[in-house]
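What follows is one structure encoded as structure tokens, with my remarks underneath.
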Amino acid sequence: MAYDSVSLALPTFAFHAWTGMRLPKPESKVPLTDSLWQRIRSTYSQREALPKCFGAGKRIVRVPYDSLRAQFKDREKGWDQFQAVFPTAPGFLIAGRPFFMGEAHSEALVYIAVATHWLSGSGIVMYLRKVDGEWVVIGRYSIWVS
């Protein structure tokens, strides 16, 4: 799997179709509102490299976002070019930096996007809470799908 370092990217360069975000339903347990989403997007509008410890000890290839986009420049051959460069990778993942909430920074929202082919991808927001010193997933919310 090839991982990228980015804040909030919707990799439309690798898809033919996608559906957009609606506000989460209460059962998702994700406290995401329009105003909070806009705040997250403005806070993390610039891409940053993921820390080197991300994926340490795993079979992870860190690929710059611009490199991924370049592989998909020719939309008809994009996934073929990706597979030629990364023959064992089923697709790629884009991870956003955590958006910490509360004074103690004990809650966070994290954006994750996964793409495996033209009509196979999704983006979610995970809601995490620090419990007894460890981060626990409280809820997930799908914001787009292809």
Side-chain angles (χ1 to χ4, degrees), residues 1-102 105 107-130 134-146:
M1 174 96 37
Y3 285 74
D4 184 38
S5 54
V6 68
S7 299
L8 294 169
L10 185 93
T12 55
F13 60 82
F15 299 111
H16 286 308
W18 60 278
T19 59
M21 175 185 144
R22 294 186 188 119
L23 289 178
K25 294 179 180 178
E27 57 268 21
S28 75
K29 299 180 182 175
V30 177
L32 187 62
T33 62
D34 277 331
S35 61
L36 179 56
W37 182 247
Q38 293 309 317
R39 209 169 110 214
I40 292 169
R41 289 177 60 97
S42 66
T43 301
Y44 296 141
S45 61
Q46 298 296 315
R47 292 184 176 88
E48 277 188 20
L50 290 167
K52 291 189 186 223
C53 64
F54 183 81
K58 297 183 172 70
R59 293 181 48 196
I60 294 175
V61 177
R62 296 160 47 106
V63 180
Y65 186 78
D66 292 338
S67 175
L68 274 178
R69 283 186 54 106
Q71 290 172 4
F72 289 91
K73 189 172 184 175
D74 180 345
R75 288 190 54 83
E76 295 304 314
K77 297 178 183 174
W79 279 103
D80 292 334
Q81 290 176 192
F82 178 84
Q83 289 298 318
V85 175
F86 303 103
T88 61
F92 62 86
L93 179 135
I94 293 175
R97 291 179 287 156
F99 182 82
F100 295 101
M101 300 182 297
H105 290 224
E107 296 177 293
L109 294 174
V110 178
Y111 170 75
I112 304 288
V114 177
T116 58
H117 216 277
W118 288 119
L119 294 174
S120 180
S122 64
I124 64 168
V125 172
M126 295 176 62
Y127 175 45
L128 308 169
R129 184 177 295 143
K130 203 169 203 177
E134 293 194 27
W135 288 100
V136 177
V137 177
I138 303 299
R140 292 178 176 88
Y141 178 63
S142 178
I143 59 171
W144 65 268
V145 65
S146 172

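The distance from atom CG of Leu109 to atom CD1 of Ile124, rounded to the nearest 0.5 Å, is 11.5 Å. Rounding to the nearest 0.5 angstrom, the gap separating the OH atom in Tyr111 from the CG atom in Leu32 is 12.5 Å. Considering CH2 of Trp118 and CZ of Phe72, their distance stands at 6.0 Å, rounded to 0.5 Å. Atom-to-atom distance recorded for Gln83:CD and His117:NE2 is 7.0 Å, nearest 0.5 angstrom.
Take Lys29 and apply the side chain to side chain contact (heavy atoms under 4.5 Å, CB included) test, not counting sequence neighbours, and it matches Ile138. In terms of the salt bridge (Lys or Arg N to Asp or Glu O under 4.0 Å) criterion, residue partners of Arg129 (sequence neighbours excluded) are, by chain and number, Glu107. The side chain to side chain contact (heavy atoms under 4.5 Å, CB included) test applied to Val137 returns Met126, Leu128, Arg140, not counting sequence neighbours. With sequence neighbours excluded, no residue forms a side chain to side chain contact (heavy atoms under 4.5 Å, CB included) with Asp80.
The heavy-atom pair separating Trp79 from Gly91 by the smallest distance is CZ3-CA, 4.1 Å. Of all non-hydrogen atoms in His105 and Phe100, the two that sit nearest each other are ND1-CB, 3.3 Å.
Tyr127 places a side-chain heavy atom less than 4.5 Å from the side chain of Met101.
The backbone N or O of Gln81 lies less than 3.5 Å from no partner atom in the side chain of Gln71, so there is not a single donor-acceptor pair.
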